[in-house]
Amino acid sequence: MEILVCVKRVPTVGGAITLTADRRAIDTKASGFTISPHEECAVEEAARLVERFGGTVTVVTVGPAVAEEQLRACLALGASGAVLVETEPGVEVGPIATAAALHAVAAAGRFDLVLLGNEASDTGDYQVGIRLAHLLGWPAATGIKALAMDDAAGSVSASRTYRGVLETFALELPCVVTVKEGINLPRYPSLPGRLRAKRAAITRVPGLESAGASAADVRMTSLRVPDAPKKQATVLGQGAEAVPALVDVLVELGVVS
Amino acid sequence: MTVFCLVELDGGTVDGGAAGVADVSLRAITLARGLAAPGGLAAVVFGDPPVQDLAAHGVTDVYAVSGIDGYAPLAWARVLQWLMSEPANPELHESAGESSHSAPELPGRHAVVAAGTERGNEVLAHLGAITGRPMAANCTQAVDNGGDGYAIVRQRWAGLLLEEAVLEGPTALLTVATDAVAAVPDEAGTTATVHQVAPSVDGSDLVVRAVETPAGAGGASLATARVVVGGGRGVGSADGFGPLEELAALLGGVVGVSRVVTSEGWRPHTMQVGQTGTKITPDLYLACGISGAIQHFAGCSGAKSIIAINTDPAAPMMTRADYAVIGDLHAVIPALVAALRDRAVPNG
C-alpha cells in the first residue's frame, strides 16, 4: 500500500501569541516549529497501515526550505520518502494553491491513500483535503477518528461522531481521508528512525507557478489577537471554605435552583 | 443579494420527536442576515424544516430538500450549487432582485453560509471545489465590500487569532464559527415561504454517504452541554474523576478534560476540550485542576461563565476565569457535592 501524508510546518504555540510588527505573521523569534497533532496522527495511521499491508509512506509539505525539519521528524516516525514543494519564505499559500501543489505530487505517484490532518492548526482552512480529492477525482472523508481497512486493502471504513451520532463512511481506494487527534496515540521516534531520518534524501520540487496560485482565494490582510476578556476573577475563597460562596454563584448563574 | 443558509437540525432523529434548528445554525443565520438583501435570506434544510424557528430568525424562504437518503456531503453540495445557480431559481432570484432595498443591489452576488461544524465545513469545501470558488471557514464577520469580494474576519488557531481577509469573487462561500457569533432572533421576522424541492442527484455524488449509528456519550453532548465540569492534570489519575462526574450529574452537565488527561489515557479523546478536541459553549464551565494552556482556551472561550478551582492562583485559567477558588479540587469538589446534595433534600 502506497500512502501519501500531507503535513504543514506551523509555529509551536505555548503561552500568548505575539505578532510581527506588520501584523501579518506570528512572531516566531522565540518559538520552535512543529506539525499539528492531527497530522502526527495521520503519519502514525499511515505507518500502522504499512506495517500491516506492506508498502511505503511518503510525506509531503508545501512550505519554505526550512520545513525540511518537519519532514525529517516524520521520516523518524516511519515515513520512508519525503517531498518538499518549496515556497517563498514569509509568503502565505492559500488553500486552493496548496491543494494544487499537493495534487501535482499526488498525481505523479501511484498512491492508494492520501491522509491529511482535518485542518492545519494555524490557518484552519478546513478544505485542502477535499479540494485535493476533487482534483484527483477520488472520494473523500473528513474529520475521521477511526479508520478500518478491509483485509484486501480495497476499501476503508472511516468514522467520526456528529451530534451524538456515529457516522461511518465506506470508501473505495484510492481515496483521501482527513483525520483528527484521537484516532491513535502516535509513537515516539526510535533511535534508528532518527538516524535514518537524518540521512534520508528529500525530494525538492521547485516553487509552484501553477494555475492555483493566481486563482481567487481568501487573501489575508492582517492578523490580530482577540481582546482577552478583561476579567478580574472574583476569588470566592480558599479550599472547602469557599463552597457556600460557590453554591451562591451557581444559584446566581441559574445552574442550581 | 440572496444568501442560502445550510441548516443543521438538532435532535428529532433519535427519539422521533420534531427536530429543531441546531443552535450553531441559528448563529450562522444571524451572520447571514447581515449579508442578505431584505427578502433574500433562504434556508436549505435536508429533512423536515422547523419553519417557525427559521422565520423568527429572519429567513424568508425555506427550501425543504427531499429525495436524498441520509447525509452525503457531495450530494448536499450539488443541491446548494443547483439552488444558487440562477436558471434553477428564476422566482427567488427575481424577487430578490426586485426588492426595493435602499442599498444598491449588485448583480450576480450570492452567498452560501453554513455553521462551522464537521458537516458545514465539509459541504462548503465540496461546494468550493466543484464551483472553483474560494471558501472561508469559521468566520465571525462578513460584509460585501461592493468590489472584488467580501471583507471577512475569520478564526485561525481555533480562535486564538483573528484573520482579516478578502474573500475574493462575487460568490461568498463561508462557514460561521460555532463559538463566536450569538444567535439573535430577527424582530421583523414573521413568515417564510416553504419550497419543496426534490433535485435529481447523480449516483456518483452519493458514493460517500454516512451510515448513522448511535454513539456512546462523548463529543457531541460535550459540544452542546449547558454545564461542563472540566478536569485537568490536577485530577491526578483516572480514578480521580469520580467526584467530578458526580458533580456534573448533579448540575445536569457533562465532564470535559484537558489534553494531558487524554494523553495520559485517564479519559478518552472524545472528552477533550480544546483546539484539537471539542469546542464548548456552555453557560458554565467549571475548570478543576486545569492550568489553562492556550490551546485549551481555544476550546472553552465560548463559555458564558468560567469558575476555576486550582491550587495555583497564578495559573492562566485562574486569571481568565470569572470566579476562582484557590485550593485542591480533591477537597473542594466533594464538599461542593455534599452541599448540593443537602440543598436537594428538603429540610425536615
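Since we're looking at a predicted model, the values are computed, not measured. Just so we're on the same page: letters track the sequence lines, and every chain starts at 1. Atom set for the values below is all heavy atoms of this structure, side chains included, hydrogens, waters and symmetry mates excluded.
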*asked:* For chain B, which candidate among A/Ala99, A/Ser222, A/Ala245, A/Gly143 shows the most heavy-atom pairs at distances under 4.5 Å?
replied: A/Ser222
_Counting heavy-atom pairs under 4.5 Å with chain B, which one of A/Pro139, A/Ala242, A/Pro37 comes out on top?_
A/Pro37
*Which value, rounded to the nearest 0.5 Å, describes the distance between A/Asp227 atom CG and B/Leu162 atom CG?*
9.0 Å
*With chain A, which of B/Lys304, B/Gln295, B/Gln155 has the greatest number of heavy-atom pairs at distances under 4.5 Å?*
B/Gln295
_Region of B/Asn121 that comes under 4.5 Å of a non-hydrogen atom in chain A_ = both
*In terms of heavy-atom proximity below 4.5 Å to chain A, should B/Arg226 be classed as side chain, backbone, both, or neither?*
neither
*asked:* Working to the nearest 0.5 angstrom, can you tell me the gap between B/Leu9 CG and A/Arg163 CZ?
replied: 9.0 Å
*What part of A/Val13 is in contact with chain B, defined as an atom under 4.5 angstrom from a non-hydrogen atom: side chain, backbone, both or neither?*
both
*Contact class of B/Leu124 relative to chain A, heavy atoms under 4.5 angstrom*: neither
*asked:* Between B/Val24 and chain A, with a heavy-atom cut-off of 4.5 Å, which part of the residue counts as in contact: side chain, backbone, both or neither?
replied: side chain
*Check each atom of B/Leu329 against the heavy atoms of chain A and say whether the ones under 4.5 Å are side chain, backbone, both or neither.*
neither
*Taking the side chain from B/Arg154 and the backbone from A/Thr123, do they hold a donor-acceptor pair closer than 3.5 Å?*
yes
_Residue part contacting chain A, namely of B/Leu340, when any heavy atom lies under 4.5 Å_ = side chain
_Part of A/Ser257 within contact of chain B (heavy atom distance under 4.5 Å)_ = backbone
*Pairs of heavy atoms under 4.5 Å with chain B: top-ranked of A/Gly94, A/Pro226, A/Gly117*: A/Pro226
*Output the distance between atom CG (A/Asp217) and atom CE (B/Met135), rounded to the nearest 0.5 Å.*
10.5 Å
*Between CG of A/Leu185 and NE2 of B/His269, what distance do you get to the nearest 0.5 Å?*
10.0 Å
*Taking atom CG of A/Leu19 and atom CG of B/Leu161, what is their separation to the nearest 0.5 Å?*
5.5 Å
*Steps toward salt bridge (charged side-chain N to carboxylate O under 4.0 Å, His left out) verdict (A/Glu167, B/Arg119)*: CA-CA 11 Å; A/Glu167 293 186 329; B/Arg119 285 188 177 180; 2.4 Å; yes
_Which heavy atom of B/Ala324 sits nearest to which heavy atom of A/Ala233, and what is that distance?_
CB-CB, 4.2 Å
*asked:* Just so I understand: if I count every heavy-atom pair under 4.5 Å between each of A/Leu171, A/Val255, A/Thr142, A/Asp122 and chain B, which residue has the most?
replied: A/Asp122
*Apply the test side chain to side chain donor-acceptor pair (under 3.5 Å) to residues B/Glu122 and A/Tyr162: give CA-CA distance (whole Å), side-chain angles for both, the deciding distance (0.1 Å), then the verdict.*
CA-CA 12 Å; B/Glu122 182 171 56; A/Tyr162 169 82; over 6 Å; no
*Among B/Thr117, B/Asn138, B/Val227, B/Thr319, single out the residue with the greatest number of heavy-atom pairs under 4.5 Å to chain A.*
B/Asn138
*Side chain of A/Arg219, backbone of B/Glu168: donor and acceptor closer than 3.5 Å?*
no
*asked:* So for A/Glu241, is it side chain, backbone, both, or neither that comes closer than 4.5 Å to the heavy atoms of chain B?
replied: neither
_Part of A/Arg24 lying under 4.5 Å from any heavy atom of chain B_ = neither
*Go through A/Met220, A/Arg224, A/Gln238, A/Gln127 and name the one with the most non-hydrogen pairs under 4.5 angstrom from chain B.*
A/Arg224
*Option that, when pairs with chain A are counted at under 4.5 Å, heavy atom only, ranks first among B/Thr213, B/Leu167, B/Asp328*: B/Thr213
*Is it the side chain or the backbone of A/Ala158 that comes within 4.5 Å of chain B heavy atoms, both, or neither?*
neither
_Residues of residues 173-184 of chain A within contact distance of chain B, non-hydrogen under 4.5 Å_ = A/Lys180, A/Glu181, A/Gly182
*Which atoms form the tightest heavy-atom contact between A/Ile96 and B/Pro134, and what is the distance?*
CD1-CA, 3.9 Å
*Find the one option among B/Val332, B/Asp283, B/Leu336 whose heavy-atom pairs under 4.5 Å with chain A are most numerous.*
B/Leu336
_Counting only non-hydrogen atoms closer than 4.5 Å, does B/Ala22 touch chain A with its backbone (N, CA, C, O), its side chain (CB onward), both, or neither?_
both
*asked:* Looking only at heavy atoms and a cut-off of under 4.5 Å, which of B/Gln272, B/Glu118, B/Arg133 has the most pairs with chain A?
replied: B/Glu118
*By side-chain contact (heavy atoms from CB on, under 4.5 Å), which residues pair with B/Asp23, not counting sequence neighbours?*
B/Arg27, B/Ala183
*Side chain, backbone, both or neither: which part of B/Pro73 has a heavy atom under 4.5 Å from chain A?*
side chain
*Which one of A/Leu236, A/Leu132, A/Asn118, A/Val225 has the most heavy-atom pairs closer than 4.5 Å to chain B?*
A/Leu236
*Go through the atoms of A/Leu250 and report whether side chain, backbone, both or neither lie under 4.5 Å from a heavy atom of chain B.*
side chain
*Go through B/Thr311, B/Val325, B/Asp148 and name the one with the most non-hydrogen pairs under 4.5 angstrom from chain A.*
B/Val325
*Nearest heavy-atom neighbours spanning A/Val243 and B/Ala339*: CG1-CB, 3.6 Å
*About how many Å separate CG of A/Leu253 and OH of B/Tyr323, when rounded to the nearest 0.5 Å?*
5.5 Å
*Quick one: which residues of residues 5-12 of chain A reach chain B at under 4.5 angstrom, heavy atoms only?*
A/Val10, A/Pro11
_ring-ring contact (aromatic ring centres under 6.0 Å, His included) partners of residues 116-139 of chain B, not counting sequence neighbours, each pair once_ = A/His134-B/His126
